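A short write-up of the structure that comes next.
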Number of protein chains: 2
Amino acid sequence: MVGKMQSQTVESPTDATARKIDSHQQIVDAAAQCFMLKGLEKATIDDIADVLDATKGRVYHHFRSKNAIYFAVHRQAMQYCFEAVKPVIEQSMPCTEKIEAMAAAHARVMMDTLPYQRSIRLGVEMYLRGSTTESEREVLAELIAQRNEYEDLYRDVLRKGVSEGSLSVPNVEIAGRMMMGALNGLVDWYRVRPEQTDADREDIARTLARTIVRGLKA
Amino acid sequence: MVGKMQSQTVESPTDATARKIDSHQQIVDAAAQCFMLKGLEKATIDDIADVLDATKGRVYHHFRSKNAIYFAVHRQAMQYCFEAVKPVIEQSMPCTEKIEAMAAAHARVMMDTLPYQRSIRLGVEMYLRGSTTESEREVLAELIAQRNEYEDLYRDVLRKGVSEGSLSVPNVEIAGRMMMGALNGLVDWYRVRPEQTDADREDIARTLARTIVRGLKA
DNA sequence: GGCGCAACATTCTCGGTAGTATGTTTATCG
DNA sequence: CGATAAACATACTACCGAGAATGTTGCGCC
């Protein structure tokens, strides 16, 4: 009875923290939306609060600064990427297929988490020049390191493919950059349309990945 | 004698306009630098003036607003691109080679005019939401149209190559986006280093173009 | 049933920036 | 040489947004 009542009237500690995390996540979601729509600097804290029908107070209760929110968005975006390619990495398949599958997975995540991916594109290193505190610099360094780590996943497969002979690139570094550019470019031209189905996105992802890996030549 | 003196002591009207254009260009150059370093909104008019060892007064004498400066930078960036690929377009060569040469030329211009190309990447359509006046919207529309026109140059060659059978892409639209993403991505990772020679840039451009056109597959 | 604390809302301040208004110098032209 | 205008510099205003300070509410717990 106590247990039952608890779930209805009072709140267990786990429920409380769950609600906190939820509120936290809502703010990050709203921030990603605002950053995408108005840009990093033009999006104000009030804008973010407005999306949630709340005020600045709520936002500043969960985040120390606007930069902290941006970091949270960035971190989340990277996590989405890692989660998307991880299952592909773990699979055992030829390098040619694997790099194409990874590219397709990345393309999917670009479309599926568009607000996040667009946000991190609008700032990255350049955002926060000078005005950054020491602790913020550390977070920034961590995020950049994470991005390098992520891109290394691709370069590793490229290198393996070259050594196996299944892939042929004159320069792994440049090939990796090429891939990332082509894939991340999605956020610049892909537009969400209501009538688009999941299959449509999958098709775009596959076609893009195929074009990158197999090239344009007949 | 008068003619000779004129060129030394007094200034002919053409000299005057030339100097005006020069001052104009200096401001645009400085703006591109600032935009690249600090971002579009964080770069202030004073920053731009500082680069020129001047003050706001000079900038506002030549440009009505900050947006107008951005437009000038954008326009110039596009012009650099057009000028770079124009000679390639006019040449007669197989589509496979042509698209690769165009890609290499574009890559070159990305590196050679980095401040401009980075600037236009940081704003484009999203920059100026709402606060834009009607006349500014028109300029913006013109710039976007120009960009489409530029990208059409690539799509045209792609289509021709497909119809000829020398190129094989499942989707010209996506292939074009892929190319642009891979090429424009250069501004994100390319860093100018003093020891870099012209040959180094050329090598990067060629390798990148080759990788895009021929793909990663062996 | 009041105490404390978390989760907000409200209000204010302060720094910074686009844009303006006005002063000052330099050069062209009658 | 004197007038006139371009090409700036200087000084000022008006506004906006981040962050802080403070006030308010509601839930959990002794």
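By convention in this document, chain letters (A, B, ...) are assigned in the order of the sequence lines, proteins followed by strands, and residues within each chain are numbered from 1. Fair warning: this is a prediction, and the values are worked out from it, not measured in the lab.
Where B:V59 and A:R64 meet DNA chain D, the nucleotide closest to each residue was compared, and B:V59 sits on the side nearer the 5' end. Ranked by how close their nearest DNA chain D nucleotide is to the 5' end, A:G57 and A:I45 are led by A:I45.
Distance B:K56 NZ to D:dC8 C1': 15 Å, rounded to the nearest Å. Separating the NE2 atom of A:H24 from the P atom of C:dA6 is a distance of 16 Å, rounded to the nearest angstrom. Atom pair B:Y60:OH and C:dT17:P shows a separation of 12 Å (rounding to whole Å applied). Between B:R58 atom CZ and D:dT10 atom C1' the separation is 16 Å, expressed in whole Å. Atoms CD1 (A:I69) and C1' (D:dG19) sit 12 Å apart, rounded to a whole Å. Atom CG in B:D46 sits roughly 13 Å away from atom P in D:dA11 (whole-Å rounding). Rounded to whole Å, the distance from NZ on B:K42 to P on C:dA18 is 13 Å. The CZ-P distance, from B:F63 to C:dA18, rounds to 15 Å in whole Å.
Proximity note for A:T55 (side chain, C-beta onward) versus D:dA6, C:dT10, D:dA9: the nearest is C:dT10. Across C:dA18, D:dA18, C:dA9, the shortest atom-to-atom separation from the side chain of A:A54 is found for C:dA9. Side chain of A:K66, nearest nucleotide from D:dC8, D:dG19, C:dA18: D:dG19.
Between B:D203 and B:R206 no salt bridge is recorded (no basic side-chain N to carboxylate O distance below 4.0 Å). A salt bridge is absent between A:R201 and A:D198: the closest approach of a Lys/Arg side-chain nitrogen to an acidic carboxylate oxygen does not fall below 4.0 angstrom.
A donor-acceptor contact closer than 3.5 angstrom is absent between the side chains of A:Q146 and A:Y150.
Of all non-hydrogen atoms in B:Y154 and B:A103, the two that sit nearest each other are CE2-N, 4.2 Å.
The side chain of A:H61 contributes no N or O atom lying less than 4.0 Å from OP1 or OP2 of C:dC8. For the pair B:H62 and D:dA6, the criterion of a side-chain N or O lying under 4.0 Å from OP1 or OP2 is not met. Applying the 4.0 Å criterion to OP1 and OP2 of D:dC8, one finds that B:S23 has a side-chain N or O inside that range.
Atom CG of residue A:D53 and atom CZ of residue A:R58 lie 9.5 Å apart, to the nearest 0.5 angstrom.
Within the nucleic acid shown, A:A43 comes within 4.0 Å of sugar-phosphate atoms alone, with no base atom in reach, counting heavy atoms only.
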